[in-house]
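Below is one structure, written out as structure tokens, with a few remarks after it.
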Amino acid sequence: AGCAREQSSQPIIGLITKTETNPFFVKMREGAEAAAKARGARLLSGAGRNDGDNAGQVTAMENMIAAGARVILITVSDAKAIVPAIAKARRDGILVIALDSPTDPVTAVDALFATDNYRAGTLIGQYARAALAGKPARIATLDLLPGHPVGAQRHNGFLAGFGLAAPDAGSTTLGTAQEVVCSVDTYGDQTRGQTAMENCLQRDPGINVVYTVNEPSAAGAHKALVAAGREKDVIVVSVDGGCQGVRDVGAGHIAATAQQYPLRMAELGVEAGVDFVKSGKKPSGYTDTGVALVAARPVSGVESLGVDVGLQRCFGDR
Amino acid sequence: MSGSIVLEARGLVKRYGHVTALDGADFALRAGEVLAVVGDNGAGKSSLIRALSGALLPDAGEIFIDGRAVRFRGPMDARRAGIETVYQDLAVAPQLSIAENLFLGREPRRAGFAGRVLRMIDRRRMHAEAAAHLRALRIDVGATTQAVETLSGGQRQGVAVARGAAFARHVVIMDEPTAALGVKESGMVLDLIRRIRERGLPVVLISHDMPHVFEIADRIHIARLGRRAAVVDPARIGMRDVVAVMTGALRPEELTSDVLA
Amino acid sequence: MLRRPLGVAPARALSSIGPLLALLAACAFFAARSDRFLTGGNLSLVLQQVMVVGVLAIGQTLVILTAGVDLACGAIMALGGIVMTTLAARLGVPVPLAIAAGMGVTTLFGVAHGLLITSLRLPPFIVTLGTLNIAFALTQLHSRGQTVTGIPAALGALGDTFQLGGTRIVYGAVLMLVLYGVAWFGLRETAAGRHVHAVGGAPEAARLAGIHTRALLIGVYALAGLLYGVAALLSVARTGVGDPNAGQTDNLDAITAVVLGGTSLFGGRGSVLGSLVGALIVGVFRNGLTLMGVSSVYQILVTGVLVILAVATDQLTREGRR
Amino acid sequence: MLRRPLGVAPARALSSIGPLLALLAACAFFAARSDRFLTGGNLSLVLQQVMVVGVLAIGQTLVILTAGVDLACGAIMALGGIVMTTLAARLGVPVPLAIAAGMGVTTLFGVAHGLLITSLRLPPFIVTLGTLNIAFALTQLHSRGQTVTGIPAALGALGDTFQLGGTRIVYGAVLMLVLYGVAWFGLRETAAGRHVHAVGGAPEAARLAGIHTRALLIGVYALAGLLYGVAALLSVARTGVGDPNAGQTDNLDAITAVVLGGTSLFGGRGSVLGSLVGALIVGVFRNGLTLMGVSSVYQILVTGVLVILAVATDQLTREGRR
Ligand SMILES: Nc1ncnc2c1ncn2[C@@H]1O[C@H](COP(=O)(O)OP(=O)(O)OP(=O)(O)O)[C@@H](O)[C@H]1O
Ligand SMILES: Nc1ncnc2c1ncn2[C@@H]1O[C@H](COP(=O)(O)OP(=O)(O)OP(=O)(O)O)[C@@H](O)[C@H]1O
Ligand SMILES: [Mg+2]
Ligand SMILES: [Mg+2]
């Protein structure tokens with residue numbers, strides 16, 4: 001639009017991600033920008049300053065509405081904390097769509113286009129259990145950060161998929177089990193993932209399954225396993241399905257990852273938003289944008305995509 | 001007593017915003033003399049000597065050493081010209097040792113590879129020389145490895161004075177060196193000044209202590225309102241008149257010419 | 001000896017007008033780029049967005065005036081908010097009691113800061129670096145990492161609005177402005193306020209002048225803690241929940257606001273109204289850049305440049321006036 | 001007049017032995033709680049885990065000795081790492097050139113710090129608060145938020161290991177120890193090193209003694225920047241990638257290490273070897289608590305208490321000796 005002065009006819013859509021520093025969200029923004037351009041809409045994008053920064057997301061939302069946005073697409077950092085702010089926006093006639101992760105309650109937004117993170121966890125849990133082939137499990141979990149719903153859903157889904165007792169999808173408390181011998185928060189960061197894995201191996205050298213909350217932390221874990229000479233006999237599973245992560249699956253660094261589709265979420269969100277501005281039609285309910293297991297070596301009883309298919313569908317630098 | 005003029009300044013001006021610290025000050029120091037500089041608080045004494053020692057850049061005016069015009073861009077330039085200064089606020093680094101303070105900015109380096117390549121300080125020599133300097137000036141502060149912050153006010157003053165006296169080749173300037181000292185220590189500093197004069201070095205002494213000034217000075221420079229009001233001969237003028245000029249009770253023109261020096 | 005004309009002394013509300021000029025320039029710039037900027041609704045929004053950092057910055061100003069610094073203000077605020085909301089929403093404690101408990105906790109942190117800093121003579125930077133971690137961990141433990149929802153309406157009352165000439169204004173913003181007024185008055189017109197400046201600028205001199213520096217410092221940190229409690233209440237009111245991840249960026253944001261407002265980190269020099277201006281500068285930039293469609297990475301970049309530029313300009317204009 | 005026995009002066013490598021005792025006590029505690037703690041492999045691991053913060057802490061020590069502080073060290077390191085890895089992996093620049101470019105960028109940040117602090121006389125806290133944001137934003141923009149993978153082996157060479165008495169030790173850890181040795185020597189035995197102490201403790205005295213304080217300060221910040229570049233190289237070697245989110249906790253961790261090591265934030269006093277001890281204390285606690293199975297939130301709590309406790313103990317033992 002050259003100069004930033006807004007034209008009143010053009011639909012304005014706001015996209016708020018958790019951070020701007022994660023390839024997942026970078027990709028989501030790019031997808032939304034492309035979709036907005038294709039449909040003649042203008043996209044404003046914003047983010048919290050770090051994962052969990054609810055106040056930053058509230059501020060971004062308010063400012064976008066002040067800038068004329070009639071539609072807000074948001075990947076919420078804090079499923080509960082954002083709800084009052086969303087309620088206020090919706091009272092003022094704004095369409096709010098949650099992308100990637102649900103609000104709590106889910107009905108706080110008009111519609112949800114998301115991956116089921118609990119299901120993503122369940123898939124990799126099932127895979128790890130099958131791949132372990134009956135050996136006694138000694139599990140390390142490299143988690144996100146305290147109290148984060150996505151981190152909890154993946155973690156608990158993993159435990160459930162592995163056949164262990166676990167809290168349900170609504171809980172933000174990390175489940176524990178006897179088989180889980182080491183749990184460390186990594187903030188999804190590669191360096192911290194590496195340090196965490198190193199220390200976990202010191203605590204229990206017999207660890208044979210590693211759940212990681214995302215692929216950067218899995219990459220860190222792999223590096224620690226290589227240093228300990230354990231990369232061949234430990235099963236690392238992860239979530240996200242970014243291109244780098246899928247390549248790591250291909251290279252055997254990660255046994256399996258649960259792939260999500262941020263581009264699809266963003267496109268669906270922008271489409272629905274433009275429709276709303278043009279025709280007043282509101283989307284509703286939950287649209288599962290899908291999650292699929294990507295594994296280099298399929299195991300029986302768990303459906304999975306191969307690495308090539310995963311690479312075709314991945315986000316990030318191909 | 002009319003030695004040649006060693007250090008001279010003409011028309012020095014220094015302004016701090018609305019405050020004029022130096023308002024066209026003149027200054028002359030003769031070879032081998034002790035020149036006392038007196039004046040009320042704020043008369044510009046410290047500013048004058050800071051200009052002479054390169055610690056401040058005057059807005060206008062000229063400085064001459066042995067008749068040659070010089071421009072000091074920093075304290076190092078004055079030091080190189082052989083002018084050493086003991087500042088009113090001492091200017092010691094409290095956490096460094098006594099020896100390190102004496103040699104701050106001119107640390108002796110070790111010989112050979114250690115000095116030239118590794119740039120190591122020759123600690124042994126530094127401490128030995130520091131101890132020798134202090135002994136020569138009869139300043140008793142204990143081991144030269146002590147941090148200066150552990151010394152009493154008087155001992156710190158001793159370190160600062162010793163630094164000035166030890167390295168001067170041309171002029172020693174002292175801004176109120178006895179202000180913080182006891183009777184015995186003050187007497188020692190006065191002795192020190194005499195000993196420096198005996199070595200042939202001229203000394204500029206700023207002091208509010210009139211008896212001291214009259215005891216030791218060869219000439220007295222009276223500063224007032226950022227200028228030199230007069231230079232007088234302590235042998236021919238009374239303390240009372242000097243104070244009167246300082247405070248403005250007596251105009252300099254009213255002094256008889258025989259007391260001027 | 002009095003050679004300095006007294007042009008310096010007239011009742012100056014700000015320690016310098018540089019920050020105010022920067023704020024006005026920013027407003028003019030954004031008004032020219034977006035016709036939505038200068039609407040009453042938008043300006044009220046900015047006020048509302050800065051109210052939490054604004055109140056934190058009052059406490060931070062007090063601390064910085066004493067030549068201290070508080071790295072933990074946001075973390076302590078988050079703890080206060082979680083205490084208030086868990087008591088009120090999970091345990092059914094009456095709202096006034098819950099608020100008092102939350103503010104009590106934040107004030108206790110302030111007192112602890114004061115005691116550690118004065119009795120053990122620890123640097124404020126270290127003490128608050130420690131309590132930053134402690135308050136964060138306690139917040140997570142106390143909330144079990146969960147956002148506290150379902151808070152009673154009375155606890156969020158400061159988030160309600162009233163109409164003023166067609167613009168909706170939130171009560172919390174008014175409270176912030178009132179607190180700034182009180183702090184300004186107290187620092188300027190009371191003996192204790194002048195002593196805060198004295199202790200910051202020349203602690204030894206203040207001590208020798210008979211000021212009970214220890215009691216004064218403990219008082220300052222305690223008062224700052226109390227203000228973080230007020231900020232906690234505002235934060236709860238603004239978001240409508242108890243958020244265990246609140247305040248993480250506010251620690252540095254509050255310091256940034258104070259410094260942008262012209263208060264010296266070396267203590268003794270500055271004005272609390274400057275901190276309000278500083279908080280508003282940050283808020284206006286965030287709002288204005290979003291209105292212009294600038295993404296948040298660039299906003300961070302701009303904030304960085306802004307901090308340096310604003311303080312540099314302030315410094316240069318001060319020197320010019322000397 | 002010699003009223004003080006001379007127990008103070010012997011060649012003291014640390015400014016106090018408090019931190020060292022704390023480190024040993026921590027090691028004894030963890031050794032008693034976990035028999036894996038005192039193995040060569042585990043200790044080598046701790047060394048490797050602290051090498052990045054350890055090198056950052058050398059630069060930070062230099063800065064803090066001059067009475068400054070650098071809030072941006074981790075952010076600048078992250079930028080350096082991204083520059084190195086994008087050049088080498090994405091653009092195919094030869095490794096030595098890529099390393100030089102990365103270190104050049106971090107050194108430039110240091111020079112900019114020095115210039116802003118000396119020429120405009122801005123407080124280091126503010127300047128580095130600004131560059132913290134700037135470096136972070138530049139890192140994200142330059143990397144487009146993506147981790148840089150596929151880096152040439154040569155760029156990660158410092159992450160390789162060698163055997164020493166059955167324990168594998170990473171080259172980077174050795175480099176860190178060497179750098180500590182050099183810094184210790186330089187600060188203690190060279191004139192420039194003593195001048196750093198003098199400038200920090202008594203800047204005016206240093207200037208009057210003819211030290212070019214401006215050049216010295218710019219040199220210190222530039223050297224610190226160069227060290228952040230070395231830390232960037234170590235971080236890349238350790239993780240094997242260019243991580244745009246690296247270093248975010250290192251900003252405060254490096255300061256924590258320096259302060260735990262007994263260096264005064266007021267400048268002039270301290271020892272760089274203390275910072276190594278400080279970094280090891282943090283690393284040992286993180287490792288030991290994980291070995292004991294203590295959860296992350298409690299680790300944060302312990303760190304907070306530890307920071308205050310360590311500095312308080314140090315302060316009390318110093319006073320006891322006075
Ligand atoms: N850095 C400065 N900034 C502003 N004003 C200054 C500065 N230094 C000196 N002045 C002013 O310049 C004037 C002269 O000061 P100076 O220190 O030279 O006086 P003095 O004769 O040494 O006084 P005293 O006997 O009290 O030491 C004073 O009015 C002082 O306020
Ligand atoms: N804070 C301190 N730390 C260490 N030693 C100190 C401290 N203060 C004083 N001392 C020591 O105590 C002794 C007495 O010092 P004090 O300052 O009381 O002497 P004083 O009588 O005031 O001397 P002066 O006339 O030189 O000021 C000195 O040897 C000094 O080194
Ligand atoms: Mg003076
Ligand atoms: Mg005394």
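Chain A is the first sequence line, chain B the second, and so forth, proteins listed ahead of strands; every chain is numbered from 1.
Rounded to the nearest 0.5 Å, atoms CG (A:N54) and OG1 (C:T147) are 7.0 Å apart. We find the CG-CD1 distance between C:N42 and A:I65 to be 12.0 Å, quoted to the nearest 0.5 Å. Taken to the nearest 0.5 Å, the CG atom of C:N245 stands 8.5 Å off from the CG atom of A:D53.
Contact of C:Y298 with chain A is not made at all, since no heavy-atom distance falls under 4.5 Å. In this structure, chain A has heavy atoms under 4.5 Å from both the backbone and the side chain of C:N287. Contacts of C:T149 with chain A are made by side-chain atoms alone, with heavy-atom separations under 4.5 Å and no backbone atom involved. Residue C:V294 touches chain A through its backbone alone, counting heavy-atom pairs closer than 4.5 Å. In this structure, chain A has no heavy atom under 4.5 Å from any part of C:L289.
Here the closest non-hydrogen pair linking A:N63 and C:L291 is O-CD2, 3.5 Å. Nearest approach of A:L44 to C:G293, heavy atoms of both residues: CD2-CA, 3.5 Å.
Top candidate by heavy-atom pairs under 4.5 Å with chain A, chosen from C:R238, C:Q299, C:R286, is C:R238.
Using a 4.5 Å heavy-atom cutoff, the side chains of C:D243 and A:D78 are in contact.
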